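Down below is the structure, laid out as structure tokens.
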Amino acid sequence: MARRTNVDAEQFWLAKSEPDVYSISDLRRDGSTLWDGVRNYQARNFLRSMQVGDQILFHHSNGDPSGVVGTATVVGLAQPDSTQFDPRSEGFDGASKREDPRWCAVKVRFKSRFVVPVTLQMMRADRALSGMRILQRGNRLSVTPVTAAEFARVVELGGS
DNA sequence: GCCAACGTTGGC
DNA sequence: GCCAACGTTGGC
């Protein structure tokens with residue numbers, strides 16, 4: 001992994017959530033929440049590399065339509081995701097050990113809700129966003145990095 | 001509800 | 001370590 005030359009430099013991300021499970025409205029109501037339930041190693045590694053102050057595009061997947069609906073800020077570094085140890089949780093992982101947890105969660109805080117959802121269609125139509133991973137064929141990662149320019153452009157399109 | 005794409009599992 | 005089978009994701 002590349003070492004960060006400037007520890008104060010913000011990083012930018014896109015995180016997916018199904019609105020039926022946890023929506024931007026839920027986050028606005030709660031103020032902050034633990035972003036847990038990630039069960040993909042690549043996405044987990046992105047969670048681990050998040051720093052306090054990093055900015056997140058909040059994306060509704062399986063939405064109507066799907067798209068980025070707001071932003072959030074990282075306020076807590078990766079910590080063990082407690083749902084992996086809960087047999088009643090969908091995210092339970094019997095192979096994960098408490099002394100060496102497999103899955104982690106970060107704490108995020110509501111920042112903004114867009115005036116207009118930035119749909120996948122809108123993002124596809126924008127040349128500046130053509131490199132976004134979420135627009136690439138077959139991408140299913142629930143957490144992906146975005147560039148500062150992509151972040152700014154999506155926020156601009158969202159009008160918040 | 002369909003199905004393409006991808007990750008994981010497990011037999012060998 | 002290969003790879004077929006299976007499960008999941010998520011746009012449409």
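Letters A, B, ... mirror the listed sequences (proteins, then strands); counts begin at 1. Values in this document were obtained by computation on a predicted structure and should not be read as measured data.
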Sequence-aligned protein contact record of nucleotides 6-12 of chain C, with B where the base is within under 4.0 Å of a protein heavy atom and S where only the sugar-phosphate is: -BBBBBS
Who clusters with Leu34(A)? Use side-chain heavy atoms, under 4.5 angstrom, across I, L, V, M, F, W and Y, and order the result by chain and number. none
The criterion is ring pair (Phe, Tyr, Trp, His ring centres under 6.0 Å); which residues satisfy it with Phe151(A), sequence neighbours excluded? Phe12(A)
Applying salt bridge (Lys or Arg N to Asp or Glu O under 4.0 Å), which residue pairs with at least one partner in residues 140-156 of chain A are found, sequence neighbours left out? Asp126(A)-Arg153(A), Arg153(A)-Glu156(A)
Residue list, side chain to side chain donor-acceptor pair (under 3.5 Å) with Lys97(A), at least two apart or on another chain: none
Residues clustered with Leu77(A), ILVMFWY side-chain links under 4.5 angstrom: Val52(A)
